[in-house]
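As the structure lists them, so they are numbered: ligands from 1, and atoms in each ligand from 1.
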Amino acid sequence: MMSIFYITTPIYYPNAPPHIGHAYTTVFADVLARYHRLIGDEVFFMTGNDEHGLKLQRAAEKKGVHPKQFVDEMADVYKKYWELLDISYDYFIRTTDDYHEKVVKTAIQKLYDKGLVYKASYAGWYCVDCEKFYSPGEYIEINGKPHCPIHKKPLEWLEEETYYFKLSEFEDFIIDVLKNKDIVYPRSYALEVLGKVEKEGLRDVSIARPKERVWWGIEVPFDKNYTVYVWFDALLNYISGIGYLEDMDRFNKYWPNVHHVIGKDILWFHTVVWFSILKALDIELPKKLLVHAFLINRGLKIGKSAGNVIAIEDLIDRYQDSDGVRYILMRVFNMDKDVDVSTELFDSIYNSELADTLGNLVRRIGVLAKKKLGGIVYKREVDKELSTSIVETLNKYNEYMEAYDVSRAIQVVMDLLRKANAYVNLTRPWEKMDPGKELYSLLETIRASTTMLYPIIPKAASKVSKAFGYRIGNPSEYVIGEIERYNIVDAPILFRKIKQ
Ligand code: MSP
């Protein structure tokens, strides 16, 4: 059955180019988008940049350019990186787009009219890297001074008149949602937030900044001395990007099927704050919030602030193409646990799985088919054991992909490919006069495997399908023995081993 699948990434702060951590989220979203396109869904995949706020204002100041010029240039930089990583987004949203600004102004005005916004003074600690206020108990102390728990940098003391959003009014609603609705995945993250809300309650949050401090933002419609707080602005991208206000048919079509992919650092904003804003605007809550853990390096979350960034271009250089990088990131992908990045681990995944298992099988079978059968392999009965394995693998793969467990989905395909390599060694088709049955069985295994791996390594999968003469189809409708005749025109070397 065809359904609609709307998937988003967080919109990134373009104060610096994206790094491996941003790639982790974006590739994951891309894999889900590609999988859903394969199974016939109508997909809308949106990523983009979060272009306002103090962090960007300062980044532009440092460069000596106007923030608009700065974010314009950075939008191209991000698009270039996503192209390098073969990200198949349908739309790239920018919070400086005018339709988005209109949605933000209308939304904050609506909350104001509903009596959910009031003016009062604020004093507290702020992390510019997170663009977030931290209350006592949330921040850590280093040498007696408040520091950001994520960036480990000193917080800035802020005292100002501001506008508050009455988040406290939504406490019961939020508790009910986190307890009873199946939105946040994995569920442990819902329970984590729930525990915090039940323990501490919900305090009202600031949703504006005085212009004299943060002028780079969307003007508050009911007070021109203020700009809208960057998180309120940013979260609304998910609705403005699909035509909220401008094209309500389009909005109504996609919104009920939205899947937000985020890292756990922005869980609070995407549950408590976002759900409350939506409720206040009379909009349904998202269908799913898919949360993942961090990539870490030397014990710290990888990030510019920690100074332990791994550049996307270095990864692409090392693993030769986007496919290698995409595969490795998805192979280690973990929603619950932080993953320690290490070159040894990445190299060994690349070498043993992509080069030795998939690459080797494709190359061997391609060469054999050409040599032994002139490249033409007719349909034969598929080896029983292999055919059982193919069916089992497809079932598990589809089940895992539906459960957003890309890493497990990859591993079952690798198991199948290992079996196929063992079958080659066992049956020794190179010694046979007519290895038609063996080669056909192996080609069917390769076809199934590349179909399943297509969302992760689209270039390599397409290369094999072209060289061997078949189409990548729907993995949930794969039929063994469907191909009457394979025509092998090439035996590609997909992945060259790297020396460790
Ligand atoms: N602009 C906000 C998001 C607004 S969404 C309405 C923001 N931007 S960010 O540039 O800081 O990107 C944060 C996201 O990048 C994380 O939630 C996560 O998806 C990804 N990651 C950045 N570093 C990461 C790791 N080291 N590990 C895993 N993901 C990481 O927050």
Side-chain angles (χ1 to χ4, degrees), residues 7-30 32 46-56 59 71 74-75 77-78 81-82 85 87 92-96 100 103-104 107 127-132 148 150-153 189 217 228-241 258-275 277-278 286 289-312 315 329-330 332-341:
I7 183 156
T8 66
T9 71
I11 48 172
Y12 302 108
Y13 293 128
N15 57 310
H19 56 66
I20 187 174
H22 307 111
Y24 195 57
T25 308
T26 310
V27 171
F28 177 64
D30 185 61
L32 296 183
M46 188 165 83
T47 187
N49 284 353
D50 186 355
E51 304 187 321
H52 290 127
L54 190 56
K55 186 161 163 151
L56 266 303
V71 296
M74 289 308 281
V77 170
Y78 271 67
Y81 276 97
W82 299 149
L85 281 171
I87 304 299
F92 189 95
I93 190 163
R94 303 181 50 192
T95 52
T96 50
H100 172 78
V103 168
V104 173
C127 170
V128 182
D129 281 311
C130 296
E131 292 276 20
K132 183 178 175 178
C148 170
I150 292 179
H151 298 100
K152 317 275 187 266
K153 281 188 171 171
Y189 289 111
V228 176
Y229 174 45
V230 62
W231 267 100
F232 185 84
D233 170 351
L235 285 163
L236 290 165
N237 91 87
Y238 299 132
I239 62 171
S240 71
V258 64
H259 299 69
H260 296 313
V261 175
I262 62 160
K264 64 180 179 180
D265 50 338
I266 53 178
L267 176 63
W268 178 260
F269 285 111
H270 280 81
T271 48
V272 171
V273 181
W274 184 220
F275 293 176
I277 294 173
L278 287 168
L289 184 66
L290 306 174
V291 190
H292 64 73
F294 295 149
L295 285 179
I296 55 173
N297 190 356
R298 299 190 296 269
L300 284 180
K301 174 185 173 226
I302 292 181
K304 190 164 173 272
S305 316
N308 58 0
V309 157
I310 296 169
I312 292 170
L315 289 169
L329 291 179
M330 290 304 100
V332 300
F333 193 83
N334 199 309
M335 298 182 99
D336 305 288
K337 283 193 221 101
D338 292 345
V339 171
D340 217 328
V341 169

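Residues that satisfy the side chain to side chain contact (heavy atoms under 4.5 Å, CB included) test with D129, not counting sequence neighbours, are K55, C127, H151, K153, S305. The side chain to side chain donor-acceptor pair (under 3.5 Å) test applied to T271 returns no partner, not counting sequence neighbours.
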Inset, instruction - I would like to know whether Y189 and H270 meet side-chain hydrogen bond (donor to acceptor under 3.5 Å, both in side chains); could you show each step before the answer? - result: CA-CA 11 Å; Y189 289 111; H270 280 81; over 6 Å; no
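Below 30°, between 30° and 60°, or above 60°: for F269 and Y229 the angle between ring planes is between 30° and 60°, a tilted geometry. Classification of the Y12-Y78 ring pair by plane angle, with boundaries at 30° and 60°, yields parallel.
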Report, one line per pair, each donor and acceptor closer than 3.5 Å where one atom sits in a side chain of residues 13-20; sequence neighbours left out.
unit_1, atom_1, unit_2, atom_2, d
Y13, OH, W231, NE1, 3.3
H19, ND1, G21, N, 2.9

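Near ligand 1, heavy-atom contacts under 4.0 Å come from P10, I11, Y12, Y13, H19, G21, H22, Y24, T25, D50, W231, A234, L235, N237, Y238, G263, D265, I266, H270, H292, A293, F294, L295, K301, I302.
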